[in-house]
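Working notes for the structure below.
Positions are given from 1 along the sequence. Computed from a prediction, not measured in an experiment: that's the story for all the values here. When a ligand or atom number is given, it counts from 1 through the structure's own listing order. The figures here come from the full heavy-atom set of this structure, side chains too, leaving out hydrogens, waters and symmetry mates.
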Amino acid sequence: MTMKQETSKIGHFISIQDLDKDGLINLINLALDIKSKRTRPSINGKSLALLFEKPSLRTRIAFELGMSQMDGFSVNFDEEELQMGKREALKDISKVLSRYVDAVTARVVDHKTLLELKKYSTVPVINALSDIEHPCQALADLMTIKEKKGTFKGLKLVFIGDGNNVASSLALACALVGINFVISSPQNYGLPEPIIKASSEIATYSNWSLNSIQDPTEAVEEADIIYTDVWTSMGQESETDERNIAFKNYTVTKSLLGKAKKDVLFLHDLPAHRGEEVEDGVIESPQSAVFDQAENRLHTQKALLSMILSTKQLKSL
Ligand code: CP
Ligand code: NVA
């Protein structure tokens, strides 16, 4: 895997920025090969700890099943039993897990928790969603785009809604592979400045663009891909009412889809709040690939894990 920290033995995956363009494209191609059964990676005997501070369907099953399908093992911890930083200091959890397993995956409330785990870990730490990024999701997003469109460079992706963790990882991934990115969100809900800056810095094509267009109808003109996510992410529940008001004109409707290119692809990371950020009919439309996208979480997770855990040495206790 071409990770950016090539000199380090540890291939942490905290941000899309931990990959370069070749690493990302190799990973997507490996995931496509895994899906088509052209390749069957094995990580025989390797082990993974899964730490979840927030609920999950896709991420948990993709990591657990992915490990067992490649002849590895995973151990899952939920917030109640782990109580990160309360029952035990994060650095102690990280040091202990490093003695047992070959990698640690964590879904956290606060991104700083991941950075703390990484700081004290001697094995790779993988971000399974934080308040800042959801890089594993972006891998499945790109894989689905490659499957459906056959290419990346020059496509126009329009993200309608909140400039959140999913949008941030996706913008960074699009910058690496040359998909032009447009975000359409209400004022004060756009992409965070550090993500805009980082995306421009890592963009591999000089004519790559990132634009913000507040009006969704204007934004989706000539779009190849329309993407949306929930208006209120996990942990923001107290803001639900104000967000529902702010985003009320940002539902992806069939009529909005009709204003993009004829062969526009609709994506959503799921879970979806049908009737809020997206109409039922859009999820069920022929343009929607949301269930392929969900399935691709498994294939991309296997590709990522096999690349990170590919060294021969096994953890032995
Ligand atoms: N898309 C995604 O990460 O789904 P889960 O929250 O169910 O894992
Ligand atoms: N933005 C959503 C993504 C869920 C997979 C959240 O953080 O809740």
May I ask you to say whether Glu201 pairs ionically with Lys197, meaning some side-chain N is under 4.0 Å from a carboxylate O? yes
How far does CG of Asp229 sit from CD1 of Ile160, to the nearest 0.5 angstrom? 12.5 Å
Contacts table for ligand 2: protein N or O within a distance under 3.5 Å of ligand N or O, distances only.
residue: ligand 2; atom: 1 (N); partner: Asn164; partner atom: ND2; Å: 3.3
residue: ligand 2; atom: 1 (N); partner: Asn165; partner atom: OD1; Å: 2.9
residue: ligand 2; atom: 1 (N); partner: Asp229; partner atom: OD2; Å: 2.7
residue: ligand 2; atom: 1 (N); partner: Ser233; partner atom: OG; Å: 2.7
residue: ligand 2; atom: 7 (O); partner: Asn165; partner atom: ND2; Å: 2.8
residue: ligand 2; atom: 7 (O); partner: Ser233; partner atom: OG; Å: 3.4
residue: ligand 2; atom: 8 (O); partner: Met234; partner atom: N; Å: 2.8

Output yes when Arg297 and Asp269 qualify as a salt bridge under the 4.0 Å nitrogen-oxygen rule, no when they do not. no
Nearest non-hydrogen partners of Phe77 and Ala49, listed with the distance: CE1-CB, 4.3 Å
Mind checking the NZ-CG spacing from Lys146 to Leu155? Nearest 0.5 Å is all I need. 11.0 Å
Is it true that Glu277 and Arg243 make a salt bridge, defined as a side-chain N closer than 4.0 Å to a carboxylate O? no
Let me know which of Val75, Thr105, Leu48 forms a side chain to side chain contact (heavy atoms under 4.5 Å, CB included) with Met67. Leu48
With hydrogens left out, which residues have an atom under 4.0 Å from ligand 1, given that only heavy atoms count? Ser56, Leu57, Arg58, Thr59, Arg107, His134, Gln137, Asp269, Leu270, Arg297
When rounded to the nearest 0.5 Å, the distance separating CG of Asp18 from NE2 of His12 is 8.5 Å
Kindly compute the distance separating CD (Glu284) from CD (Glu279), expressed to the nearest 0.5 Å. 12.0 Å
